[in-house]
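Right, one structure below, let's go through it.
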Amino acid sequence: MNYWLIKSDPQSYGWEEMKKDGETLWDGVRNYQARNNMKLIKEGELALFYHSNTDKAIMGEVVITKEYYQDPTSDDPRWCAVDLKFAKEYSKPVTLAQIKDDQRLKDILLVRQPRLSVMPIKVSEYDIISKYAQK
DNA sequence: GCCAACGTTGGC
DNA sequence: GCCAACGTTGGC
């Protein structure tokens, strides 16, 4: 079981829409590293849903319902999409500031590589974040 | 709204 | 294949 973090700009697709839709396809990734990560995601794995720009916080969790396939928004076979389903909303979103303040999370890719939009999360990191989410 | 960081593109 | 120029992202 691997954990992931996906980033979204709420102006293009926000957590509210994710909740309302229940299920959606995650497309439009045009970055090789993010794409490579996306190809490693397996059906049934969990991803943290992060809002960039306005909230700068992890809003909740989603489950991958379909592994990577050709991105329907592109004819270019290099790009792919996955399907996601709403899993749970955090009672307290975990903010970037909290993450940055926690020494144990200093190596998290969210901080070290701020522009990457799909990234793996270590189990230890996931555990810390989910504890913050319940507080 | 600005700017730094980074990825991508294109000319050589 | 290198590197400068440019575009995009995202934090502040």
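Basis for what follows: all heavy atoms, side chains included, without hydrogens, waters or symmetry-related copies.
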Query raised in the report: Under 4.0 angstrom, heavy atoms only, what part of the nucleic acid is A:Asn31 near: base, sugar-phosphate, or nothing?
Result: sugar-phosphate
Query - A:Ser117 and A:Arg35 side chains, donor-acceptor separation under 3.5 Å - result: no
Query raised in the report: Partners of A:Tyr32 by ring-ring contact (aromatic ring centres under 6.0 Å, His included), sequence neighbours excluded?
Result: A:Trp79
**Report entry** Shortest non-hydrogen contact between A:Ala87 and A:Leu46, atoms and distance
**Finding:** CB-CD2, 4.4 Å
**Report entry** 5' to 3' contact window, DNA chain B with chain A (heavy-atom distance under 4.0 Å)
**Finding:** B:dA5 to B:dT8
Query raised in the report: For A:Phe49, which fellow cluster members are found when Ile, Leu, Val, Met, Phe, Trp and Tyr are connected by side-chain heavy-atom distances below 4.5 angstrom, either directly or through intermediates?
Result: A:Trp4, A:Ile6, A:Tyr13, A:Trp15, A:Met18, A:Trp26, A:Val29, A:Met38, A:Leu40, A:Ile41, A:Met59, A:Val62, A:Ile64, A:Tyr68, A:Val82, A:Leu84, A:Phe86, A:Val118
Requested in this report: Give a yes or no on whether the backbone of A:Gly14 and the side-chain of A:Glu17 come within a donor-acceptor separation of less than 3.5 Å.
Outcome: yes
